[in-house]
2 protein chains.
Amino acid sequence: MSKELSTEEKIREAAKNVFIAKGFDGCTSREIAKAAGMNVALVNYYFCSKKQLFKLVFEAVLEDFMLSTIEVFRKDLSLESKMRIFIEREFEFLTSHPDIPRFILSELSRGDKCEFDHAGILDKIASTGVFEELLEAQEKGVIRKIDLTNIMLLIMSNCHYPFMAKPLMKYLNNLSEEQYQERLMLQKQYVTEMLIGYLFNPKTNS
Amino acid sequence: MSKELSTEEKIREAAKNVFIAKGFDGCTSREIAKAAGMNVALVNYYFCSKKQLFKLVFEAVLEDFMLSTIEVFRKDLSLESKMRIFIEREFEFLTSHPDIPRFILSELSRGDKCEFDHAGILDKIASTGVFEELLEAQEKGVIRKIDLTNIMLLIMSNCHYPFMAKPLMKYLNNLSEEQYQERLMLQKQYVTEMLIGYLFNPKTNS
DNA sequence: AACAATTTTAAACAAGCGTTTAAATTAATT
DNA sequence: AATTAATTTAAACGCTTGTTTAAAATTGTT
């Protein structure tokens, strides 16, 4: 635990936590400064404005979120193994960062905050070769012929939503935190089986 | 289009739209009043405070959202047919109200706004007999033996998330509104097939 | 028509917002 | 050690926030 973070880094780190927890509209510059143990004016000294600080934080979080688990597709494994490991790691990442999907979708949905620079993300995903691999597998009849957007949606739906819906599910079903974590680990298995079963070996299904 | 709404109803209606679009933190009392064509003071005259108005709106939206499509389980159809029709109507409802899932999950995740009264919702869902029907189907081996919480999660993930993720998916994949609507309609089919295939006839799968 | 109750309005309130300023402090350079 | 630059601070700026007030306008009642 090296406490050797610069003032700028401390503010950026605190801002990330506060923004993710409360959203851009739900927090104040003073709250961020206090969380970083700093004076309010320092936020603008280093980042010009709350808006600009948010833009920096959001872009970093989005990139980290989209790229953290995609690396598995560079490995030399079968597509099915990659898919299983990808889902495994996606659940692992979200267990540590359960608020990030909601944060990203919420802030993106009111996009007038600032224009986000996402240019590189899809390119970096593409650089793993995952898209070519999927298309090739479709032509070989290994996986179902579905638009990649829909495949992404199927996988992301089943990985992200269980974490986003935690307050609702705990509330409706009166579950403790531990109980919900149990359901999450079960959900990971079900989701993996279901997605693999649906996407792969399409000849036996349709 | 009867414009015969009372002042109170006009404010409630405007508040619903503004809250759903911008969130509790993202809008002001004056904005709601203007959207209703009313004076600011009238908001507090009829609803005491912004917080209380929000609580009323949120509870109504949540109840409407959770109950709008569950009625199909009262019908006299096979469980599989009910499931298909349920998903169909869920997508239909969300096509008209695409922002509601994100609204509910966002506002619930920072629950200190006010305590929400949800007591009746699960009871009303239970009154359709859907839970008994599912448990019975599980004992008969018709559907996979999975905790109801996980079944709910599977269905809700695949119905809600595609609408919540619209800004992200349009952005990442450079899709027009029309193109995304196309994917949504395809997604409905895929989700239906996948869920039915996974949940039903479990003997042939595991 | 006169009165009372309800509804609507404009104006104001203190408190908090993002941001700026200018002075105080620390660090770097000569 | 003296001087300059960079950092940090406390205080203030104008503005918006949620809410309240008290008067005006409308409606209902006798």
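Chain identifiers are assigned alphabetically (A, B, ...) following the order of the sequence lines, protein sequences preceding nucleic acid strands; residue numbering begins at 1 within each chain. The analysis underlying the following values was restricted to heavy atoms, covering all of them including side chains, and did not include hydrogens, waters or symmetry mates.
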Legend entry - Pair B:Glu193, B:Gln189: side-chain N/O donor-acceptor within cut-off below 3.5 Å: no

Legend entry - Where protein sits on nucleotides 15-27 of chain D, one letter per nucleotide: B base, S sugar-phosphate only, - none, heavy atoms under 4.0 Å: --BBBBB------

Inset, instruction - Take the protein atom CG of B:Asp25 and the nucleotide atom C1' of C:dG16, then report the distance between them rounded to whole Å. - result: 14 Å

Legend entry - Any donor-acceptor N/O pair, A:Asn173 side chain to A:Leu175 backbone, under 3.5 Å: no

Legend entry - Distance, rounded to the nearest Å, where A:Glu31 contributes CD and C:dG16 contributes C1': 13 Å

Legend entry - Whole-Å gap separating P (D:dT9) and NZ (A:Lys34): 14 Å

Inset, instruction - Examine the side chains of B:Arg74 and B:Ser127 and answer whether a donor and an acceptor come within less than 3.5 Å of each other. - result: yes

Inset, instruction - Name the nucleic acid region contacted by A:Tyr46, choosing base, sugar-phosphate or nothing; use a 4.0 angstrom heavy-atom cut-off, strictly under. - result: sugar-phosphate

Inset, instruction - Starting at atom CE of A:Met38, determine the distance to atom C1' of D:dT8, rounded to an integer number of angstrom. - result: 10 Å

Inset, instruction - Quick one: pull up CZ in B:Arg102 and CG in A:Leu105 and give me the separation to the nearest 0.5 Å. - result: 9.0 Å

Inset, instruction - Please list, chain by chain and in numerical order, all residues satisfying side-chain contact (heavy atoms from CB on, under 4.5 Å) with A:Ala33, sequence neighbours excluded. - result: A:Val43

Inset, instruction - Determine, for A:Phe47 and A:Arg12, whether the Lys NZ or Arg CZ falls below 6.0 Å from the six-membered ring centre while staying within 45 degrees of the axis. - result: no

